[in-house]
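To start, the structure under review is shown below, and the notes come after it.
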Amino acid sequence: MNRKNNVRIAAFLLMLGAFQANAQQTVSLKNAIQYALQNKADAIKAQLNVRNSEYQIAEAKAGALPTLTGTGALNYNPILQKTPLPGDLIGQPGTVVMVPFGQKWNSNIGVSLQQALFNQQVFIGLKAAKTTKEFYQINKQLTEEQVIEKVSTAYYQVFSQQQKLEAVQSSYESTLKARNIIKSLFENGLAKKVDLDRTNVNLTNLETNRSQLKNAVTLQENALKFYMGMPIEEPISLVKEDVQINPQLLTDQINTDNRTEVRVLEKKKQLLQYNVKATQAAYYPTLSLIGNYAWQGFGPKFPIGPGKSQGVYWSDYASVGLSLNIPIFNGFLTKSKVDQAKIQLETLEQDLKDTKLSMSLDYRNAKAQMENSLDAIKNQTANMELAQTVLDNTRSNYQYGLATLTELLDAENALVQAKNNYSNSLYDYKVAEVQLYKSQGELLNLTK
């Protein structure tokens, strides 16, 4: 019986361990980006804008389609208007008779049809609506690239803080072992109290630094999850293999026309051109086909059910015609609007010019940062190896009394500093790599 219980307990512990192992989700950079593109509010809103553009096209098409309107009215006239007529009409020559016109009740039901035959604003609106959809599609891609940039940068920032934490943790464990040895020697009268105190001070400083870095890692992980659109309480772990050095083939020139930002501005420019044309269309006449059909009832009684026997009469009428509207003068209102639309277009031209210049600057800065970071990574890698060798030698010499405690602590701090410098250089390189992809319009490569 005890054996069965032990087996059950062991199985339960294995299941619990498996659950805890799976509780923390391992997230690669690719997974983080894909998750963000599906869950981040910015990406979702960009998708909704694309869907909304379909409805905007349908709205623009409505102006070119016929409109059919139904009408109905019911009126009661308690006092009929009277008109003076010559009495000769009723056999009373030389007199004026006040005769009421109309009926107490009248009603009508009808439909009205209107079809635009020529309206320059409607035709331009149709072209602009299609361009609006293209604008939102490109803007969706731009939003996705912005999400990728934020997620990638935050991902590398988490990894950088984790590396610094690991360096301090390693130094803390090494210093703790040294402190325990010195404490044992001090208790046996073989070490000075000042050496023990100095080691405790250094240990406390490392513990404080470790606590700060743990908090920094948590804050950066929270920022990453925010940019991903992931619940903040969801535990995650990163894939270290994603933070590797991938030397890029750098060139001196880039084609800014391929950048999504430029394509968005070019499409916006096209929309503003349509806006100028649509505003100018107010100068053009409009022509519409109009048709009406109605059924009217009137009489002294409620004109719904009763017929001629009750004095209620019904008749229908119809009309078909053309409506022409020719603008002549509106106080230069249209001209002012056209001038404003042209100014908006010229302003965008300057934005486009400045954006291309900014992109060239971003590329050159990213290129310079990558080259500088590669040199720094190379130097810091060698520096870490050297600092580790110095620490090993100093630790060995200290054990034999050939080095002071100060030298040992300095060697420990030098190694931590070298590792931190390496982490900073690696982070700078990866961020510059993201900016390089961005400047080349190739951020989507990070999703592959």
Side-chain angles (χ1 to χ4, degrees), residues 37 40-67 114-149 254-288 325 327 330 333-360 362 438-444 447:
L37 294 179
K40 185 59 180 171
D42 293 342
I44 295 175
K45 288 191 291 185
Q47 295 173 6
L48 291 175
N49 285 335
V50 174
R51 288 176 52 191
N52 189 59
S53 65
E54 295 285 352
Y55 305 130
Q56 291 177 321
I57 293 177
E59 179 183 358
K61 287 181 177 179
L65 298 175
T67 58
Q114 184 170 355
Q115 170 65 58
L117 299 179
F118 179 81
N119 190 323
Q120 193 72 359
Q121 288 182 321
V122 171
F123 302 149
I124 295 174
L126 283 172
K127 297 179 181 180
K130 295 178 181 179
T131 304
T132 299
K133 179 180 179 181
E134 296 170 357
F135 169 80
Y136 282 122
Q137 288 173 334
I138 300 175
N139 192 66
K140 172 178 173 291
Q141 182 179 341
L142 176 60
T143 302
E144 291 176 348
E145 291 179 0
Q146 292 171 342
V147 169
I148 292 172
E149 179 186 1
I254 60 169
N255 184 9
T256 57
D257 294 337
N258 293 332
R259 287 285 296 271
T260 310
E261 292 92 333
V262 173
R263 292 168 57 208
V264 167
L265 289 176
E266 291 286 1
K267 194 58 65 174
K268 189 175 181 180
K269 175 182 175 181
Q270 189 175 352
L271 286 172
L272 289 178
Q273 289 172 339
Y274 280 131
N275 183 46
V276 172
K277 292 180 179 179
T279 308
Q280 291 174 333
Y283 288 123
Y284 291 83
T286 60
L287 180 64
S288 300
N325 183 12
N330 61 358
L333 176 64
T334 301
K335 180 181 182 302
S336 299
K337 290 184 176 180
V338 171
D339 291 339
Q340 293 178 54
K342 288 181 178 179
I343 290 296
Q344 291 179 342
L345 186 58
E346 292 177 11
T347 302
L348 182 66
E349 289 281 4
Q350 296 304 314
D351 291 339
L352 189 58
K353 179 181 177 181
D354 192 61
T355 298
K356 290 183 177 181
L357 184 62
S358 175
M359 289 175 180
S360 297
D362 292 341
K438 177 182 177 182
S439 65
Q440 295 174 325
E442 298 176 354
L443 272 174
L444 292 177
T447 64

Interatomic spacing from NZ in Lys127 to CZ in Phe123 - rounded to 0.5 Å: 10.0 Å

Thr256 pairs by side-chain contact (heavy atoms from CB on, under 4.5 Å) with which of Gln440, Met359, Glu261? Met359

Could I get the full list of salt bridge (charged side-chain N to carboxylate O under 4.0 Å, His left out) partners for Lys356, not counting sequence neighbours? Asp257

Residues two or more places apart in sequence or in another chain: which of them pass salt bridge (charged side-chain N to carboxylate O under 4.0 Å, His left out) with Lys342? none

By side chain to side chain donor-acceptor pair (under 3.5 Å), Asp42 pairs with (sequence neighbours left out) none

Rounded to the nearest 0.5 Å, the CD atom of Glu266 sits from the CG atom of Leu352 at a distance of 5.0 Å

List for me each residue that meets side chain to side chain contact (heavy atoms under 4.5 Å, CB included) alongside Leu357, sequence neighbours excluded, and say none if there are none. none

Apply side chain to side chain donor-acceptor pair (under 3.5 Å) to Lys269 and list each qualifying residue two or more places apart in sequence or on a separate chain. Glu349

Who pairs with Ala64 by side chain to side chain contact (heavy atoms under 4.5 Å, CB included), at least two apart in sequence or on another chain? Val122, Leu126

Residues forming a salt bridge (charged side-chain N to carboxylate O under 4.0 Å, His left out) with Lys267, sequence neighbours excluded: Glu134

Roughly how far, to the nearest 0.5 Å, is OG1 of Thr286 from CG of Asn325? 4.0 Å

How far apart are the C-alpha atoms of Ile343 and Gln340, what are their side-chain angles, what is the distance that settles it, and do they pass the side-chain contact (heavy atoms from CB on, under 4.5 Å) test? CA-CA 5 Å; Ile343 290 296; Gln340 293 178 54; 5.6 Å; no

Using side chain to side chain donor-acceptor pair (under 3.5 Å) as the criterion, list what pairs up with Ser360, not counting sequence neighbours. none

One should read off an interatomic distance between Lys40 NZ and Glu144 CD, to the nearest 0.5 angstrom, of 14.5 Å

Atom pair CG/CG of Leu117 and Leu287 - distance to nearest 0.5 Å: 4.5 Å

What residues form a salt bridge (charged side-chain N to carboxylate O under 4.0 Å, His left out) with Lys438, not counting sequence neighbours? Glu149

Listed by chain and number, what are the side chain to side chain contact (heavy atoms under 4.5 Å, CB included) partners of Thr260, not counting sequence neighbours? Ile138, Gln141, Leu142, Glu145, Arg263, Val264

Between OG1 on residue Thr132 and CG on residue Leu271, distance to nearest 0.5 Å: 4.5 Å

Only pairs at least two apart or in different chains count here, so list each side chain to side chain donor-acceptor pair (under 3.5 Å) that has a residue in residues 45-59. Glu54-Lys133

Under 3.5 Å, side-chain donor or acceptor atoms of residues 274-285 against the rest of the protein: list the pairs with distances, not counting sequence neighbours.
residue: Thr279; atom: OG1; partner: Asn275; partner atom: O; Å: 2.7
residue: Tyr283; atom: OH; partner: Lys335; partner atom: N; Å: 3.4

Ala116 and Ser288: which non-hydrogen atoms are nearest, and at how many Å? CA-OG, 4.0 Å

